[in-house]
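Only a predicted model underlies this, so the values are computations on that prediction, with no experimental measurement involved. Along the sequence shown, residues carry numbers from 1.
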Amino acid sequence: MSEETAGFDEKPEVPDGATPDDAAEPKTADSSSEEAAAPAGDSGAKSAKSDRSAEDTAVLAQLDQARTALAERTGDLQRLQAEYQNYRRRVERDRVAVKEIAVANLLTELLPTLDDIGRARDHGELVGGFKSVAESLETAAAKMGLQQFGKEGEPFDPTIHEALMHSYAPDVTETTCVAILQPGYRIGERTIRPARVAVAEPQPGAAPKSPGSDSAVAEGDTPSDKDADAADKG
């Protein structure tokens with residue numbers, strides 16, 4: 001068969017200025033797709049980085065909010081605990097104060113009875129069964145914190161003494177309690193009744209005694225008596 005196959009002798013058209021090698025090696029679809037995919041890959045990486053940065057920023061913001069909320073709750077808890085401690089101290093202080101007031105009121109009502117017991121003792125009338133009952137009452141009052149005060153010869157103190165009688169005496173150097181008309185009572189540091197006393201002040205215009213003057217003059221003697229005794233001996 002002498003017929004030639006059509007198209008075998010035809011040469012591909014070569015553009016102007018191109019070499020035969022360029023015409024022989026056409027560009028493949030893979031190379032063009034790689035060139036097209038390269039810019040797309042760079043933009044995808046940048047987009048992923050920006051997404052991660054946004055997520056990190058959101059997480060940090062949430063963490064800051066959590067820390068702020070924790071600090072506020074911790075402050076609230078500390079204030080609540082301080083208020084509770086103050087409440088407990090206040091309740092305990094009020095409880096003690098109420099107890100002291102109740103005990104003081106009870107013992108104040110018993111003071112006239114204790115005064116009667118004291119007068120009966122002074123007159124020798126505290127005998128028999130009455131003596132036992134009176135001593136039991138005094139013991140119970142002492143256990144509740146009642147203390148008696150007020151003695152003859154102690155300096156007058158207007159904070160714990162109430163002067164009912166006043167006089168002058170040559171043998172005192174300051175205002176002195178010379179008689180206890182009614183004893184005083186206290187509970188701890190709280191005075192529930194002052195001691196009612198008779199006081200004496202130094203004689204107006206009297207010279208203060210020098211130390212040892214009492215030993216120089218015997219009791220019941222005067223300086224003139226001492227001089228007379230010395231003259232008789234001479």
Side-chain angles (χ1 to χ4, degrees), residues 92-231:
E92 181 66 19
R93 184 174 61 250
D94 294 344
R95 185 184 67 82
V96 173
V98 169
K99 180 181 178 180
E100 291 178 352
I101 292 173
V103 171
N105 292 337
L106 173 62
L107 294 177
T108 300
E109 295 297 327
L110 292 177
L111 293 185
T113 304
L114 296 175
D115 291 337
D116 293 338
I117 293 173
R119 283 189 290 267
R121 182 181 287 112
D122 294 339
H123 291 85
E125 299 175 357
L126 196 63
V127 293
F130 177 63
K131 178 180 179 181
S132 177
V133 173
E135 290 177 350
S136 298
L137 179 60
E138 290 176 337
T139 301
K143 287 182 179 180
M144 297 178 71
L146 186 66
Q147 300 175 358
Q148 180 178 317
F149 65 90
K151 295 181 180 179
E152 294 182 4
E154 64 184 7
F156 175 75
D157 185 352
T159 61
I160 60 174
H161 296 138
E162 181 181 353
L164 300 182
M165 299 178 64
H166 177 270
S167 62
Y168 294 97
D171 57 345
V172 297
T173 58
E174 60 180 343
T175 304
T176 305
C177 300
V178 294
I180 305 300
L181 306 178
Q182 212 174 37
Y185 289 95
R186 68 165 62 96
I187 300 176
E189 299 298 326
R190 180 181 179 183
T191 300
I192 62 175
R193 191 182 75 181
R196 290 161 181 162
V197 300
V199 299
E201 292 183 349
Q203 192 72 32
K209 292 183 178 181
S210 59
S213 60
D214 292 339
S215 61
V217 180
E219 184 178 358
D221 291 341
T222 61
S224 59
D225 295 333
K226 299 293 288 184
D227 294 340
D229 292 342

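- Between the OG1 atom in Thr108 and the CD1 atom in Ile101 there is a gap of 11.5 Å [rounded to 0.5 Å].
- Note that CD1 of Ile192 is 5.0 Å distant from CG of Leu146, once rounded to the nearest 0.5 Å.
- With hydrogens and angles ignored, the 3.5 Å screen pairs a side-chain donor or acceptor of Glu154 with a backbone N or O of Lys151.
- The closest side-chain heavy-atom distance from Glu100 to Ile187 is not below 4.5 Å.
- In this structure the side chain of His161 never reaches within 4.5 angstrom of the side chain of Pro194, judged on heavy atoms.
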#### Entry: Audit row: Leu106, Met144, side-chain contact (heavy atoms from CB on, under 4.5 Å) steps and yes/no
CA-CA 10 Å; Leu106 173 62; Met144 297 178 71; 3.6 Å; yes
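- Evaluated for a side chain to side chain contact (heavy atoms under 4.5 Å, CB included) with Tyr185, the options Leu114, Thr191, Leu107 yield exactly one hit, Leu114.
- Atom CD1 of Ile117 and atom CG of Leu137 lie 4.5 Å apart (nearest 0.5 Å).
- Considering every non-hydrogen atom in both Glu109 and Pro112, the closest pair reads O-CD, 3.5 Å.
- In this structure, Arg95 pairs ionically with Glu92, as a charged nitrogen and a carboxylate oxygen lie closer than 4.0 Å.
- Residues Met165 and Arg196 form no side-chain contact, since every pair of their non-hydrogen atoms from C-beta on lies 4.5 Å or further apart.
- Separating the OG1 atom in Thr175 from the CG atom in Asp157 is a distance of 11.5 Å, to the nearest 0.5 Å.
- Side-chain contact between Val199 and Val178 is absent, with no heavy-atom pair separated by less than 4.5 Å.
- Contact between Val172 and Ala200 at its shortest, heavy atoms only, is CG2-O, 4.0 Å.
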### Message
Using salt bridge (Lys or Arg N to Asp or Glu O under 4.0 Å), reason through Asp122 and Arg119 one step at a time and then give a plain yes or no.
### Response
CA-CA 5 Å; Asp122 294 339; Arg119 283 189 290 267; over 6 Å; no
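- Ion pair Arg193/Asp115 flagged as a salt bridge, since at least one NZ, NE, NH1 or NH2 atom sits closer than 4.0 Å to an Asp/Glu carboxylate oxygen.
- Glu138 contributes atom CD, which lies 13.5 Å from atom NZ of Lys143 (distance to the nearest 0.5 angstrom).
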#### Entry: Check against side-chain hydrogen bond (donor to acceptor under 3.5 Å, both in side chains), Tyr168 and Gln203
CA-CA 5 Å; Tyr168 294 97; Gln203 192 72 32; over 6 Å; no
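- The main-chain N or O of Glu174 is found under 3.5 Å from a side-chain atom of Thr176 such that the two form a donor-acceptor pair.
- Closest non-hydrogen pair, Ile180 versus Glu152, comes out as CG1-N, 3.8 Å.
- Across all non-hydrogen atoms, the minimal contact from Cys177 to Val197 is SG-CG2, 3.8 Å.
- A heavy-atom distance below 4.5 Å is not found between the side chains of Arg186 and Arg190.
- Rounding to the nearest 0.5 Å places CZ of Phe156 at 9.5 Å from CD of Glu201.
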